[in-house]
Amino acid sequence: MNRLIMSEHLTQKNNSPLRVRGLDYLEQLEAESIHIFREIAAQFEKPALLFSGGKDSITLVHLARKAFAPGKIPFPLVHIDTGHNFQEALDYRDAMAAKVNATLIVRKVEDTIKAKNLTEPKGKFPSRNWLQTYTLLDTIEEFKFDACIGGARRDEEKARAKERIFSVRDDFGQWNPKLQRPELWNIYNGRINKGENVRVFPISNWTELDIWNYIKKENIALPSIYFAHEREVIVHDGQLVAMSPYVTLEEGDAVVTKQVRYRTVGDMTCTAAVESAAATLDEVINEITAAKISERGETRIDDKVTEAAMEDRKKNGYF
Amino acid sequence: MDILRFITAGSVDDGKSTLIGRLLYDSKNILIDQLEQLEKQSKNKEAGPIDLALLTDGLRAEREQGITIDVAYRYFSTPKRKFIIADAPGHVQYTRNMITGASNANLIIVLVDARQGVVEQTRRHSIIASLLKIPHVVVAINKMDLVDFSQDVYNNIVIDYAAVAKQLGLNDVTYIPISALQGDNIVDASTSMDWYEGKPLLEILEDVPVDSDINLTDPRFQVQFVIRPQTDDLHDYRGYAGKVISGVYKKGDAVTVLPAGIETTIAKLEVAGEEVEEIFAPQSATILLANDIDISRGDSIVQTNNQPQTTNEVEVLLCWLDDKPLQTGNKYYLQHNSRLIRSVIKQVEYKLDVNTLQQQPVEGNVKLNEVVKATIKTASPLVYDSYTKLRANGSAILIDETSHSTVAAVLFQ
C-alpha cells in the first residue's frame, strides 16, 4: 500500500510510467537472498541449512520458504548443538522444523568431544564455540554435504566483510582469504572439486537492523529470549552472563536477577544479555537503532580474545 | 528507502580508506566498541589519535603488511538510503579487484589527490568505470586542505577530468572538492570552501537517482530452478523460478522460450508463493506457463515481440582475473547468469591498454589484469544482449574446467 502511494507521487513528479514499479530496500534484499537460495538448490547436490535458532538463521528459513514456495525447502536443517544452548532456542528449533516440514539433523558437540577425546574448554565461561568446528566438519563428512548455508552477515565483523557469498572451503573446511574467487554481477560460481565444499551466505548484504526490520515487516516469530524477561545473571566485565550449570561461580561473584533480553543468541556461556525493558519488536528495534555498541561488541564474549579471533576460526573451518 | 551500491577508486595514497572511515564516522555509523578497537589499533601502530583508515583494514595479515588483500563490503545507512560500499584495494591486483567491486555498482567515487591532479591511475579507474558502464561517476578531489582549499587548483582538475570523461563517454559526472582527513564536504558543507556551491558528498550519494538504472523495457528472465512440489494438491504444479533480469512480465503475455524458440503464454505469476498480476526487475519470481514444455535451468523466457540475440559465436571483452594465463583454443565453462555452457576462446583480436584505451597487438598469453577483445564459440546457443544495452544480461564469467576458478569477466559486445 505504501509503495503504491509513493509510486504515484513519483509518477507525477517524473512523468514517467516506468517509475511506478520499484522495490524498497527490504524487498531488494529479499529478492537477492531468494535468488541466492535458488542458485544453491540448483548448483549443489546436497546442500544443508545451518540452523541455530537465532534470528539470522530464522530469517534464512523464512527466505528459503519463500524461494521454493509452494514446494517445501529442498534441503535439511542442520543444528550443531554445543550442549550449552538456551532451552528456548531449542524449543523454537523443533517447532520451526515441524512447521516448515523440513528434515532436522542434530549433531552434538558433546559426542564429538567423547569420540575424538577432545579437551573440554576450561575457565569461568567455558565456550564450546571453537569445538563446534569439529562437529560441523564431521557432519559435512557424514552426510556428504557440498554446500552449507549460513546466516553470517558482512556487517558483523571484519573478516566476514571480505568473504564471498559463495565461499569455497578446502578439504579441511579452511577459508583462504587470499585465494577467493572473484564474485561478479549476480553470477555465483559453485563448481568445486571432490572433497571441497562451499559455505553460502544468502544474507551477506543485510545489516542487523535490516534483519530486525524484516522480522517486523514479515511478522516472523522469535524465541522469547529476544524480548525482555527476568533472568539470573552474573555481572562480569560489565557484561551480563546468564547463570547456568556451565558457568563456574567464583568467590565474589554476585548472582543478580535483572530484566534482560538477548540481542544475539549463541551459547549460554559466550553470549551476553543486555539490560532492557523492550518487550515488543518495536521496542527492540528502537533500542537497536539507538544503540551505541555493535552487536558483536555487546554480546559476544568470544570475539574479544584477540583482534583476529574470527579470522583465525574461519581459516580453521568455522562458519 | 532504497539501496545505493557504490565503489571507491583511488591510488594507494589518495585517502580512500580515510574517506570511507570519514563517511561512516560522520554519518554516525560507527559504534563505541568499534571506535575503542580503533583507538587500540591506532596505539598499536603508534599512528597518532584515531586513524580512520584503520576502520577498513580487515584481516590481520593486512594489518601486519599495511595492505588490503581483497574487496571488502561496508554498510551504512541514513534515513534516506541504505549504502553498500565495495572497498577495493589500490595496489597490484587492482584491476581484478576493481572489476569485482564495480560489477554491481550504481556509482563510483573516483578519488583524485588535489596535489597530483589527474594521473595515470585516475584514467585507468575511469576507463574501467566506463567499460563496466557504472551509471554515475563522482570525482572527489581530495586533500584540498593541502592546497589551501584553492578554487583554481580544483577548477583545473575539473577541466582535465572533463576531457577524460568526454573521451570515455561518461555522461553523468559530478565534481566535489573534499578533505577526507578533516571532514570537509563529506557530511557537512565545508567552511573553508565557500566558493563550492554543490552539495556535500553524503547528500550527493543520498540524492543520485538509482531507480532509472534498472531497465524496465526489455523483459528478460532466466530459469534458475524448476519448482515441482509433486504433492497431491499440487500434482501438476510446474513453476519456473528465477530473477527478472530486466523488464516487466504480465499474466497473459505471449512469450518465447529460448534458445529452443517455443512459443506459449504466461498462465500465472508468483512472487514468494503469492500470486501477482505482474513481475518486474529485480524481483525474484516464479512463472507458470500455459503449455507443458520441456524447460530447464538456464533457459530464457522472453516476450515474443522483444527478443535478445541468440548465437553460438560472440564477440566479447574479456578481463582476465586469474594468475594462470589465458590460452587461446582452451575450453572454459561460460556461466551467463544461471546458464552454464562449454565454450572455447577462438581468437584474441587485440589487447586494450587500460591506461590509454589504445588497442595493442597481443604478444604471448593474456595475463592477469589484462583486458582483451576476443571471440568465444559456445557449445550451445547463447541468449544474450550486449553489455552496453543491458548490463544484467550482457555479462558472464569464464570458469576453468579443472580448477573451477573464476578466470575471466566477460562483457558481450
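Values in this document were obtained by computation on a predicted structure and should not be read as measured data. Labels below follow one simple rule: chain letters A, B, ... track the order of the sequence lines, proteins then strands, and each chain is numbered from 1.
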Side chain to side chain contact (heavy atoms under 4.5 Å, CB included) between A:L29 and B:I3: does it pass, once the steps are laid out? CA-CA 9 Å; A:L29 291 172; B:I3 301 179; 4.0 Å; yes

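- Both the backbone and the side chain of B:Y73 come within contact range of chain A, judged by heavy atoms closer than 4.5 Å.
- Among A:G71, A:P74, A:G190, the residue with the largest count of heavy-atom pairs under 4.5 Å with chain B is A:G71.
- Taking the centre of each ring, B:F225 and A:F68 come in below the 6.0 Å mark.
- Heavy-atom distances place no part of B:R339 under 4.5 Å from chain A, backbone and side chain included.
- Within the 4.5 angstrom heavy-atom criterion, no atom of B:V210 approaches chain A.
- Of the listed residues A:K66, A:Q43, A:E30, A:E32, the one with more heavy-atom pairs under 4.5 angstrom with chain B than any other is A:K66.
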Applying side chain to side chain contact (heavy atoms under 4.5 Å, CB included), run through B:H404 and A:V168 and close with a yes or a no. CA-CA 10 Å; B:H404 302 314; A:V168 180; over 6 Å; no

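- Only the side chain of B:V248 comes within contact range of chain A, with at least one heavy atom under 4.5 Å from a heavy atom of that chain.
- Neither the backbone nor the side chain of B:F76 comes within contact range of chain A; no heavy atoms are under 4.5 Å apart.
- When heavy atoms are compared at a cutoff of 4.5 Å, B:A105 does not approach chain A at all.
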B:F280 and A:L23: CA distance, side-chain angles, deciding distance, side chain to side chain contact (heavy atoms under 4.5 Å, CB included) verdict: CA-CA 9 Å; B:F280 54 89; A:L23 299 181; 3.7 Å; yes

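- In this structure, chain A has a heavy atom under 4.5 Å from the side chain of B:L132, while its backbone stays farther away.
- For a residue to count as touching a neighbouring chain, one of its non-hydrogen atoms must lie under 4.5 Å from one of that chain's; by this rule A:A67 touches chain B with the backbone only.
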Output, in order, the C-alpha distance, side-chain angles, deciding distance and verdict of side chain to side chain contact (heavy atoms under 4.5 Å, CB included) for B:N337 and A:I187. CA-CA 5 Å; B:N337 291 318; A:I187 305 175; 4.0 Å; yes

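- Under the 4.0 Å criterion applied to side-chain N and carboxylate O atoms, A:E39 and B:R297 are assigned as salt-bridge partners.
- For B:I214, no part lies near chain A; criterion is any non-hydrogen pair under 4.5 Å.
- At a 4.5 Å heavy-atom cutoff, A:R65 makes no contact with chain B through either its backbone or its side chain.
- Between the side chains of A:R181 and B:S403, no donor N or O sits under 3.5 Å from an acceptor N or O.
- Using a 4.5 Å cut-off between heavy atoms, B:S77 makes no contact with chain A at all.
- With a 4.5 Å cut-off on non-hydrogen atoms, B:E278 touches chain A through its side chain but not through its backbone.
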Step by step, would you call B:T286 with A:R38 a side chain to side chain donor-acceptor pair (under 3.5 Å)? CA-CA 11 Å; B:T286 306; A:R38 289 165 169 178; 3.2 Å; yes

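- Contact of B:I84 with chain A is made through the side chain alone, with heavy-atom distances under 4.5 Å.
- Across A:T207, A:L209, A:D210, A:N193, the residue that shares the most heavy-atom pairs under 4.5 angstrom with chain B is A:N193.
- Only the side chain of B:E270 comes within contact range of chain A, judged by heavy atoms closer than 4.5 Å.
- For B:A409, the side-chain contact (heavy atoms from CB on, under 4.5 Å) partners at least two apart in sequence or on another chain are A:L184, A:W185, B:I99, B:C319, B:L321.
- Chosen from B:A285, B:A102, B:G239, B:A281, the residue pairing most often with chain A at heavy-atom distances under 4.5 Å is B:A285.
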